[in-house]
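First up is the structure itself, then whatever we jot down about it.
Order of listing sets the numbers, starting from 1, for every ligand and every atom in it. All values below come from the heavy atoms of this structure, side chains included, with hydrogens, waters and symmetry mates left out.
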Amino acid sequence: MPLNSLDRRSFLAALGCSAAACALPHPVRGLSAANQPDLAHDSDRPEFHFVAPHNWLNDPNGPLWWKGQYHLFYQVTRGVEPSGAKLWGHAVSKDLVHWKHLPIALTPTPGGPDSEGCWTGSAVVFNGVPTFIYTGIQNSSLAQATLRDGNPLRETVLLATAEDDSLLRWKKLAEPVIAAPPAGMVVSGFRDPCPWREADAWYMIVGSGERGRGGCALLYRSQDLRHWEYLHTLAEGTPSEPWAMWECPDFFETGGQHCLLHSSSGKVSWSTGDYDIHEHRFAVKRQGLVDQGAFYAPKGFRAPDGRRILWGWIQETRPDAVFEAAGWAGVMSLPRVLTIGKEGQLEINPAVEVAKLRGPVEKTAVKADAPYRQKLTNLRKELSLPIGSSSDAITLRLLAKGTKAWELTVDVAGKSVHCGDVSFPLPPWSVPHPGLRVFFDGSVIESFIGGVEAVTSRVYGLKPGETELEISVAGKGSVELSQWSIAPISPDRLTT
Ligand code: DQQ
């Protein structure tokens, strides 16, 4: 396939701007000079989670380890409205927790197959060259549209190759590597490619679905990432699914077992089971949710030490007008390590690197008849509590000026978890397990329960000095609370 003669560098040159000058514009577009928010001092904005410098952020894209650094790309727009054309933001880290913003990696090419947006995709290394395989969207006729809900849009699978080892410049192929869904399918979407290497070839799934049938992951095979042969569906949903579309499928092997993630109807499902490497069929045996709260469209990769690491998009739960006025939206989750237990249970734990941000530990015995109370002087904190040994249930509560703002109950005796509007059963866990770990960071709360469940919450308007933490224990005896203050990962809430 011919390479695009108007690659990104020459396109930028034609516009008279360097890659660096084409980073996200500051101040926040769409807000008047008088209304520019002070993002570095916005206490809703996290301090140890990754965020875009400003504007709208959604899915993580193409995480990659390259030449001694972790690269994280992500969906971002030039404004704060969710509907803006999507670009690929770019950040780099040496340790998975401290990030440096780099210029935008991918922008729509006028007149090209991604003219209306560079949507989600993956990064792999092919023949020694970091390569993006991603979704391009462009306006289309109804006949070619793969999305027909509003203006007809055509989604195709596109490819771009890195032109330098810092991954700042990317050269796009002019034509899609997959131009249309399999013949005969009337899809409800066709996007978010996820490739992987097997002994004989590259394989790739693309998120899709059909009305009346449910979502599915379409499986393709290639020798060169440029020519793809459609095989069959790797997995399919059911007609009763609220959306007939699986977004952001992610298929991987870890510890000799296989897992498929997909996002649909605002939730991320995991499925584990048997993958037949000869027939390329996946027989699902066990399923669950990766997170019960505000967490969507995750993307994983294999770290150089073999760990499967995943980031997800922590969505806003406040009205659009409120985050648009705030000048930013969307947070990247902490890096999560995925493993698969003996019985096929997906295990989800924060990467150990996050613990490098801890200050000195403070330990307290919390007794059943005496709730623990503490005024929070900052909103950067990790708590750890054992669950299931000496307590029947543990409740954590945040009070803002004395009013309940958030509550999580892990009811071990009742085998259930309750967090705001969300309730779910506690699945069996392996022993020993990591207990309850909760991370508070501005408006984000990520809770990990026994290494087998996670629930992410958003709580806005908390202020240091006006927020109280309360922990109560039901049962007999006492529970040892460990807590740490967590160091910020940048001096200005990653606004530069
Ligand atoms: N977000 C992307 C799509 C994907 C969706 C567009 C999931 O590629 O399906 O920003 O949040």
Could you tell me whether some N/O pair between [X] and ligand 1 is separated by less than 3.5 angstrom?
X: Lys86; value: no
X: Trp313; value: no
X: Glu247; value: yes
X: Asn58; value: yes

Any side-chain donor-acceptor pair under 3.5 Å between Glu241 and Trp243?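 No, Trp243 and Glu241 have no side-chain donor paired with an acceptor closer than 3.5 Å.
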*asked:* We want to know whether His280 and Tyr275 form a side-chain donor-acceptor pair, criterion being a heavy-atom distance below 3.5 angstrom.
replied: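 Note: His280 and Tyr275 side chains meet the donor-acceptor criterion.
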Check: Taking heavy atoms and a distance under 4.0 Å, where does Thr120 meet ligand 1: side chain, backbone, both or neither?
Finding: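 Thr120 to ligand 1: contacts from backbone and side chain alike.
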Q.
Val92 and side-chain contact (heavy atoms from CB on, under 4.5 Å): which single residue from Leu72, Leu102, Leu168 fits?
A.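 Among Leu72, Leu102, Leu168, the one that satisfies the side-chain contact (heavy atoms from CB on, under 4.5 Å) with Val92 is Leu102.
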query: Relative to the heavy atoms of Gln75, which atoms of ligand 1 are at a distance of less than 4.0 Å?
result: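 Counting atoms of ligand 1 from 1, those under 4.0 Å from Gln75 are 2 (C), 6 (C), 10 (O).
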### Task
List every atom of ligand 1 that sits less than 4.0 Å from any heavy atom of Asp192, numbering the atoms from 1 in the order shown and giving each element.
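Within the 4.0 Å cut-off of Asp192, ligand 1 contributes 3 (C), 4 (C), 8 (O), 9 (O).
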Fill in: Ser188 side-chain N/O to Gly209 backbone N/O, donor-acceptor pair under 3.5 Å
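Present.
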(message) A cation-pi test, strictly: NZ or CZ of Arg226 under 6.0 Å from the centre of the six-membered ring of Trp202 and no more than 45 degrees from its axis. Yes or no?
(response)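 Not flagged: Arg226 not positioned over aromatic ring of Trp202.
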Next item on the list: Would you give the length of the straight line joining atom OG of Ser265 to atom CH2 of Trp246, rounded to the nearest 0.5 angstrom?
Entry: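 The distance works out to 11.5 Å.
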